[in-house]
Amino acid sequence: MQATRLQFGRHILDVDRGCLLRDEEEVQLRPKTFAVLRHLVENHGRLVSKDELFSAVWPNVTVTDDALVQSVGELRRALKDDGSQLIKTIPRRGYRFDADVSVANPPDEVIAGTPASGRLLRVRPHLVAVAMLALLLGAAASWFGIDMLRRTSLAVAKPAIAILPIVDQSSDPAREYFADGLTQDIISALGRFPELTVMSWNAVSPFKSKPTDPREIASSLAVRYQVEGAMVRKADRVRVTVRLVGAEGRVLWSERYDEPLTGLFALEDRITSEIAGALAIRVAESERRRVLAKPTESLEAYDYVLRARPALQRPTRAAVVEAREALEHAIKLDPNYASAYAALAETYYVATSMGWAEAPATSLGQAEEMANKALSLDESEVRAHVILGRIHVVYRRYDQAKAEMDRAVAINPNDAHGIAGRGNVEMWLGKTDAAIASLEMARRLDPELSTMDRFALSLAYYLKGRYEEAIAEAETNLRRSPGASFSRVLLAAAYAQNGQTEDAARVAGMIHRLDVTFDPQEFGTKFLKPADLDHLRDGLRKAALYEVPPRQPASATSR
């Protein structure tokens, strides 16, 4: 169905204006989210596969399933109570828009003019004022040669920026990790500026080595600015070219650097400071001291830390062991290297949380020891605060956990790990709405949420009765980490609550076969609110994974 205004219930999809209206009031949607809704509405009543949506909304761009899941979740929230009824998830296949859709007549309130019949249309005075203001601003924009309307609307929110992977132009592809590390350090440094929204490495890494139009990247990541760069490392020198571009591809700033390798950290500081300056970001003295802090005197130790990073971004059992060995080498070279201790703490925590540690309590103790060591060397080591916070959650020390996560976010407001960690704590405390807000913000910055954080988000959705979204997140977790048995348990409960009894039975059977350590009496007991645990157990009971313990008869002495 092709029309300019498509109506379903209280809502109108205005294709010409590119907006969604509810009772003639505009509902804010990101461009890609609007495109998803448009395709679903124009194909209402039939199954629309994920591949079809990717082709229609993200043509010639490689994106993960998360981009679509986020857009669908945003649509359901925008449609409020009608969201889950209008947009149906067809498990493992796609989506269906369930509504009667009709062509809507244009509204009878316009700014000026008369219809063909000559009848004067009613005019809303406030719309006239808005239109006059728009015309004046448009004239001013034309006069000064800038798009003032766009600048005015975007100035309300923090500008979002993507630091794209720096291209390694050296002759040795085995050292590509060095360019990745430089990119990650700039992301981390810029992330500490609260005036910016900075996309994570996981968000930008899909664009690595792929020539992509800046407009496509801006639309896909919902960013206003992008940083592009290339580097060549030869012998004891490094040459870097960096440029800042706007969403439309216009170059706003560029610079070339040629520095000795021993000045690498000073070079990172220069690049960070000059990007901030180009964006007119005020750099407080405290932030400058943080950025200028030299992480280590040993470039060899730094090199070992860079080698360990990929294993922690996409952990596997073997990769975590290799990362630990590299980090131990780094610490031998520089016993005062805080970031190396923080990363080493993470290897122990990941091994414990994923069930890879032979002695979990010992492994968790080592994680805590290393994180505390990192903070004794550098109180601003964000990752160490996050790991300590997660350890506190394991032991149900929620106040201490929240304090660590809050500290991490205060140091780096764009650190997805810290924001997601805060969401974990909020979920166990029973602050489910706040937990979803934090975890969705983390997912916005880092589409590749960690296994534990995605589990927390799916569990939070479950607690709010948003079972289809809980299912989508749990299924994503299991596709990426088949050993994430905790997500399989939640998936069974969400299927059961969503009326998908056959799927619930299938997954429950897998749990009985694959997870001999599953304890239904223990699962979910970290909830502070009894009602949350009852809700989870209700789903487990419907999935035949939980039996209510029989009441114990009263003893003779208690009668």
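It should be emphasised that the depicted structure is a prediction, and the values quoted were computed from it without experimental measurement.
- In this structure, the side chain of Asp269 does not engage the main chain of Phe265 through any donor-acceptor pair within 3.5 Å.
- Counting non-hydrogen atoms of other residues, nucleotides and ligands closer than 6.0 Å to NZ of Lys402 gives a total of 12 or fewer.
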- Query: Can you list the steps and then say if Val57 with Leu68 is a side-chain contact (heavy atoms from CB on, under 4.5 Å)?
  - Reply: CA-CA 9 Å; Val57 179; Leu68 181 55; over 6 Å; no
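- For Ser200 (side chain) and Leu445 (main-chain N/O), a donor-acceptor pair under 3.5 Å exists by modelled atom type.
- Remark: Gln366 CD to Tyr349 OH distance equals 15.5 Å, nearest 0.5 Å.
- Taken to the nearest 0.5 Å, the CD1 atom of Ile161 stands 10.0 Å off from the CD1 atom of Ile187.
- Considering CG of Leu244 and CD of Glu255, their distance stands at 12.5 Å, rounded to 0.5 Å.
- In this structure a side-chain-to-backbone donor-acceptor pair under 3.5 Å is present from Ser353 to Val350.
- Side-chain atoms of Glu440 and Tyr461 include a donor-acceptor pair closer than 3.5 Å.
- With salt bridges taken as basic N to acidic carboxylate O contacts below 4.0 Å, none links Asp180 and Arg309.
- In this structure, Asp446 contributes its side chain and Ala416 its backbone to no donor-acceptor pair below 3.5 Å.
- The shortest side-chain heavy-atom distance between Glu274 and Val242 does not fall under the 4.5 Å cut-off.
- Closest of all the heavy-atom pairs between Ser188 and Asn412 is O-ND2, 3.4 Å.
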- Where do Leu364 and Ile391 land on the side-chain contact (heavy atoms from CB on, under 4.5 Å) test, with the steps shown first? CA-CA 7 Å; Leu364 212 57; Ile391 293 170; 4.2 Å; yes
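- The backbone N or O of Ala460 lies less than 3.5 Å from no partner atom in the side chain of Thr432, so there is not a single donor-acceptor pair.
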- Query: Between Arg233 and Asp168, is a salt bridge (Lys or Arg N to Asp or Glu O under 4.0 Å) present by the stated rule, with each step listed?
  - Reply: CA-CA 8 Å; Arg233 177 182 171 182; Asp168 180 22; over 6 Å; no
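- Counting all heavy atoms, side chain and backbone alike, Val36 lies closest to Ser71 at CG2-CB, 4.1 Å.
- Judged purely by atom type and a 3.5 angstrom limit, Asn202 has no side-chain atom pairing as donor or acceptor with the backbone of Pro447.
- Remark: the backbone N or O of Ala343 is not paired with any side-chain donor or acceptor of Arg383 at under 3.5 angstrom.
- The two residues Ile419 and Pro413 make their nearest non-hydrogen contact at CD1-O, 3.4 Å.
- Arg397 and Glu368 are joined by a salt bridge, as a carboxylate oxygen and a charged side-chain nitrogen come within less than 4.0 angstrom of each other.
- Interatomic distance, CZ of Arg224 versus OG1 of Thr197, reported as 10.0 Å (0.5 Å rounding).
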- Item | salt bridge (Lys or Arg N to Asp or Glu O under 4.0 Å) evaluation trace for Glu475 with Lys50 | CA-CA 14 Å; Glu475 288 178 337; Lys50 292 181 180 179; 5.6 Å; no
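- Here the CD atom belonging to Gln226 is positioned 11.0 Å from the CZ atom belonging to Arg215, to the nearest 0.5 angstrom.
- A donor-acceptor pair under 3.5 Å links the side-chain atoms of Ser458 to the main chain of Phe455, judged by distance alone.
- In terms of modelled atom types and a separation under 3.5 Å, the side chain of Tyr341 and the main chain of Pro335 share a donor-acceptor contact.
- In this structure, Leu53 and His39 approach most closely via the heavy-atom pair CD2-CD2, 3.8 Å.
- Taking CD of Glu448 as the reference point, atom OG of Ser450 lies at 11.0 Å (rounded to 0.5 Å).
- Residues Thr316 and Arg314 form no side-chain contact, since every pair of their non-hydrogen atoms from C-beta on lies 4.5 Å or further apart.
- In summary, of the residues considered (Leu264, Leu333, Asp334), a side-chain contact (heavy atoms from CB on, under 4.5 Å) with Leu299 occurs for Leu264 alone.
- Although no hydrogens or angles enter the test, the distance criterion places no donor-acceptor pair under 3.5 Å between the side chain of Ser219 and the main chain of Glu216.
- Glu379 approaches His385 most closely through the heavy-atom pair O-NE2, 2.8 Å.
- The shortest non-hydrogen separation linking Thr183 to Ile166 is OG1-N, 3.0 Å.
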